[in-house]
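To start, the structure itself, in structure tokens.
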Amino acid sequence: MPELPEVETVRRGLQPVMEGAKIVVAEARRPDLRFPFQPDFVARLQGQIVTGLGRRAKYLMADLGSGDVLLMHLGMSGSFRVIKPDNEAAPGEFHYPKGKDSAHDHVLFRMSSGADIVFNDPRRFGYMKVIARNALEDEPLLRDLGPEPLGNEFDAAMLARSCQDKTTSLKAALLDQRVVAGLGNIYVCEALHRSHLSPRRIAATLSTKKSEPTDHAKRLVGAIHTVLNDAIKAGGSSLRDHRQTSGELGYFQHSFKVYDREGEKCTTPRCGGTIKRFTQNGRSTFWCSKCQK
DNA sequence: CCCAGGACCTGCCAGC
DNA sequence: TGCTGGCAGGTCCTGG
């Protein structure tokens, strides 16, 4: 499901019920997600106050009173929902309406704010890990992440520099979380279309020999900013699984120009092209060969 | 080191 | 109705 706008949407949904509240009960209903849970996973969460809920790239990070940080990744199909606990249930028991999907409710938190938080992930590509805050910079999952695409240090010059020796496609470079951290298949396709750049272009063409950013790089950074900000405003994109934590759908999918629009007409004014699809590095690329060069 | 491809897992949908 | 193959918003690991 989730790229940066979906994760940010989830963060904003969880923040009001998590920040300042205590994790009264934590439960992991299976031994692993993508990785095994740490043996002390539950123990390090239970009883802790969540002092802040942040986001880095596609990770959610809950700061705990103990000095630990709970790192959460949604993988492809992870989602959180916030429900009201059933007052009939015994304390410490999670008791809520079961859906067809509840077999994949893997992690539950009861918050002192009066909310139960349920993490559901059918494919189990997501994961959670508790890390000491003072060890964050050594954390392998975070260590190699590039700049936040909406952060101050990410600009055309920086993007051009990190692409200057890359022989791979521009599409693959933008999906590389070391280059810029938070984009995924949808928003890379969309940003490339909006900047009229071909996904097949060699990444190094974003810079000159002197590593100066080209106008292409500037356009691309502008398009990344616009598409991510617009998608966050829309509550993300809902194709299959993504819901806001309230259960509402995001609606940015209605603003897609290329993603999942194979065969449809390109919306670029006076272009007249047709959206095509092909596979790059094992993933679908959607684009218009007429206006993306 | 860089890069492409496979692996991980389940669900859904189109086509037979 | 099945059943089957292909596809899905991510990223780690391996081998060239």
Side-chain angles (χ1 to χ4, degrees), chain A residues 1-11 29-36 55-60 71-80 99-106 119-129 139-146 149 162-192 199-204 227-228 231-232 234-244 249-263 277-286:
Chain A
M1 138 186 146
E3 304 179 33
L4 186 152
E6 290 73 36
V7 178
E8 179 60 23
T9 298
V10 169
R11 191 193 70 77
R29 296 194 157 175
R30 47 173 301 127
D32 54 19
L33 291 172
R34 177 163 182 189
F35 311 120
R55 179 189 57 73
R56 170 76 172 106
K58 301 175 192 173
Y59 291 90
L60 289 172
L71 197 64
M72 299 172 273
H73 196 288
L74 304 183
M76 285 283 255
S77 59
S79 65
F80 282 95
K100 42 183 176 294
D101 213 34
S102 344
H104 302 300
D105 289 345
H106 301 313
F119 178 70
N120 179 284
D121 186 6
R123 293 178 74 179
R124 302 201 305 277
F125 289 165
Y127 43 94
M128 295 194 191
K129 184 176 181 183
E139 171 53 46
L141 293 167
L142 304 175
R143 208 175 33 204
D144 298 327
L145 289 177
S162 37
C163 287
Q164 65 183 339
D165 296 321
K166 290 206 171 286
T167 57
T168 191
S169 67
L170 186 50
K171 164 96 186 291
L174 294 172
L175 282 174
D176 184 342
Q177 303 295 296
R178 294 169 302 184
V179 171
V180 54
L183 301 179
N185 206 32
I186 291 178
Y187 297 104
V188 166
C189 290
E190 292 296 319
L192 286 170
R200 297 189 137 111
R201 170 186 281 275
I202 298 302
V227 77
L228 293 180
I232 291 169
S237 304
S238 293
L239 293 185
R240 285 156 274 277
D241 332 51
H242 169 67
R243 305 245 155 187
Q244 307 190 36
L249 298 171
Y251 53 90
F252 191 73
Q253 65 279 12
H254 303 302
S255 302
F256 289 171
K257 310 258 189 224
V258 288
Y259 189 85
D260 221 7
R261 297 194 108 73
E262 183 182 17
R277 164 178 147 162
F278 71 107
T279 300
Q280 259 179 320
N281 304 92
R283 318 200 55 191
S284 282
T285 296
F286 296 89

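Throughout, protein chains are lettered first and strands after them, A, B, ... in sequence-line order, and every chain is numbered starting at 1. Treat the numbers as computed from the prediction; the structure is a model and nothing was measured. Just so it is clear, the values below take in all heavy atoms, side chains as well, and ignore hydrogens, waters and symmetry mates.
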Without decimals, in angstroms, what is the distance between [X] [atom1] and [N] [atom2]?
X: A:L33; N: C:dC12; atom1: CG; atom2: P; value: 15 Å
X: A:E262; N: C:dA8; atom1: CD; atom2: C1'; value: 15 Å
X: A:D260; N: C:dA8; atom1: CG; atom2: P; value: 9 Å
X: A:F256; N: C:dA8; atom1: CZ; atom2: C1'; value: 13 Å
X: A:I202; N: B:dC2; atom1: CD1; atom2: P; value: 16 Å
X: A:M72; N: C:dG10; atom1: CE; atom2: P; value: 19 Å
X: A:K171; N: C:dG10; atom1: NZ; atom2: C1'; value: 12 Å

TODO: Quick one: label A:Y187 by what it contacts on the DNA or RNA (base, sugar-phosphate, nothing), any heavy atom closer than 4.0 Å.
DONE: nothing

Rounded at 0.5 Å granularity, tell me how far [atom1] in [X] sits from [atom2] in [Y].
X: A:E6; Y: A:S238; atom1: CD; atom2: OG; answer: 7.5 Å
X: A:L174; Y: A:N185; atom1: CG; atom2: CG; answer: 11.0 Å
X: A:L74; Y: A:M128; atom1: CG; atom2: CE; answer: 8.0 Å
X: A:E3; Y: A:L183; atom1: CD; atom2: CG; answer: 7.5 Å
X: A:R30; Y: A:D121; atom1: CZ; atom2: CG; answer: 9.5 Å

Taking only N and O in the side chain of [X], is any of them less than 4.0 Å away from OP1 or OP2 of [N]?
X: A:Q177; N: C:dG10; value: no
X: A:H73; N: C:dT11; value: yes
X: A:Y127; N: C:dG10; value: no
X: A:K166; N: B:dC3; value: yes
X: A:T168; N: B:dA4; value: yes
X: A:S284; N: C:dA8; value: yes

Open item on the list: At under 4.0 Å between heavy atoms, how does the protein contact nucleotides 5-11 of chain B? Give one character per nucleotide, 5' to 3', with B, S or -.
Closed with: ---BBBS

- [ ] Report the residues that fulfil salt bridge (Lys or Arg N to Asp or Glu O under 4.0 Å) with A:K257, sequence neighbours left out, ordered by chain and then residue number.
- [x] none

Task: Check: A:Q177 side chain, A:L175 main-chain N or O, donor-acceptor pair, under 3.5 Å - done: yes

Open item on the list: Both A:L141 and A:Y259 contact DNA chain C. Taking the nearest nucleotide for each, which residue is further toward the 5' end?
Closed with: A:Y259

Open item on the list: Going by the rule ring-ring contact (aromatic ring centres under 6.0 Å, His included), which residues pair with A:Y259 if we only count those two or more places apart in sequence or in a different chain?
Closed with: A:F256, A:F286

Open item on the list: Tell me every residue that passes ring-ring contact (aromatic ring centres under 6.0 Å, His included) with A:Y127, counting only those two or more places apart in sequence or in another chain.
Closed with: A:F35, A:H73

Task: P atoms of C:dT14 and B:dC9, separation to the nearest Å - done: 15 Å

TODO: Could you work out which one of B:dC3, C:dC12, C:dG10 sits closest to the side chain of A:T167?
DONE: B:dC3

- [ ] Quick one: stems involving DNA chain B, counted as three or more successive Watson-Crick or G-U pairs, both distances short of 3.5 Å.
- [x] B:2-8 with C:10-16, B:10-16 with C:2-8

TODO: Check side chain to side chain contact (heavy atoms under 4.5 Å, CB included) between A:D165 and all other residues, then give those that pass, not counting sequence neighbours.
DONE: none

